[in-house]
Amino acid sequence: MYLAKVYVTYKASILDPKGEAVHDALHRLGYTNVEAVELGKYFEIKLATGTQPVEAEVDEMCDRLLANVNMESYRYEITEMEA
C-alpha cells in the first residue's frame with residue numbers, strides 16, 4: 001500500500017486573492033515579517049498496488065481531477081505504507 005501526499009497551488013502567474021487576504025490579515029495582527037502567503041489544496045490518497053506505477057497513476061489523478069493544470073501546479077510525495 002502507498003500513501004500519496006498531493007500539494008496543489010496556484011501557478012506564480014495566477015492571482016491568489018485568498019492568499020492575499022490571509023497575508024493582509026496576518027499583517028493587521030502584527031506579523032509584519034510575513035512576506036507572502038499562498039493557499040492551496042492538500043490531498044492524502046491511499047493506494048493499493050495497481051497495474052501501473054503509482055507515480056503514473058497519481059500524475060493522471062492530478063491532471064484529470066485534483067488540479068486545474070491551466071491555473072495550478074502540483075507536486076506529490078509517495079511513501080510505502082505497511083499493509
Side-chain angles (χ1 to χ4, degrees):
M1 179 174 282
Y2 295 94
L3 172 65
K5 296 179 180 179
V6 179
Y7 306 89
V8 180
T9 57
Y10 285 116
K11 291 181 177 177
S13 60
I14 302 295
L15 290 177
D16 180 1
K18 291 179 183 176
E20 284 298 315
V22 171
H23 173 262
D24 293 345
L26 289 171
H27 271 238
R28 284 194 302 277
L29 291 172
Y31 300 103
T32 56
N33 62 334
V34 175
E35 294 194 14
V37 176
E38 294 179 17
L39 289 184
K41 298 180 275 189
Y42 173 72
F43 302 92
E44 284 190 358
I45 303 167
K46 294 178 183 165
L47 300 122
T49 303
T51 56
Q52 63 180 343
V54 175
E55 292 84 2
E57 193 168 15
V58 172
D59 269 329
E60 187 177 304
M61 289 178 195
C62 291
D63 289 339
R64 295 185 67 196
L65 179 68
L66 303 179
N68 177 345
V69 294
N70 293 321
M71 300 173 48
E72 299 171 323
S73 59
Y74 62 85
R75 65 182 174 85
Y76 54 81
E77 302 163 1
I78 297 173
T79 56
E80 193 165 351
M81 300 173 57
E82 295 289 325

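For the numbers below, each heavy atom of this structure counts, side chains included, while hydrogens, waters and symmetry mates do not. Quick note: residue numbers are just sequence positions, from 1.
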Are there over 12 heavy-atom neighbours, none belonging to Tyr31, within less than 6.0 Å of that residue's OH? no
Applying the side chain to side chain contact (heavy atoms under 4.5 Å, CB included) criterion to Glu72, which one of Thr9, Val8, Ile14 satisfies it? Val8
Applying a strict under-4.5 Å side-chain criterion to I, L, V, M, F, W and Y, I'd like to know whether Val69 and Leu65 cluster together. yes
If you measure from CG on Leu66 to NZ on Lys41, what distance do you get to the nearest 0.5 Å? 7.5 Å
Between CG on residue Asp16 and NZ on residue Lys11, distance to nearest 0.5 Å: 14.5 Å
Student check: side-chain heavy atoms of Ile45 and Val58 closer than 4.5 Å: no
One should read off an interatomic distance between His23 NE2 and Glu38 CD, to the nearest 0.5 angstrom, of 11.5 Å
Between atom CG of Asp24 and atom CG of Leu29, what is the distance when rounded to the nearest 0.5 Å? 11.0 Å
What distance separates Lys18 NZ from Tyr10 OH, expressed to the nearest 0.5 Å? 6.0 Å
Hey, could you give me the CD/CG distance between Glu82 and Leu3, rounded to the nearest 0.5 Å? 13.0 Å
Here the pair of heavy atoms bringing Ile78 nearest to Ala4 is CG1-CB, 4.1 Å
Is it the case that one hydrophobic cluster holds both Phe43 and Tyr7, taking links as side-chain heavy atoms less than 4.5 Å apart, direct or via other members? no
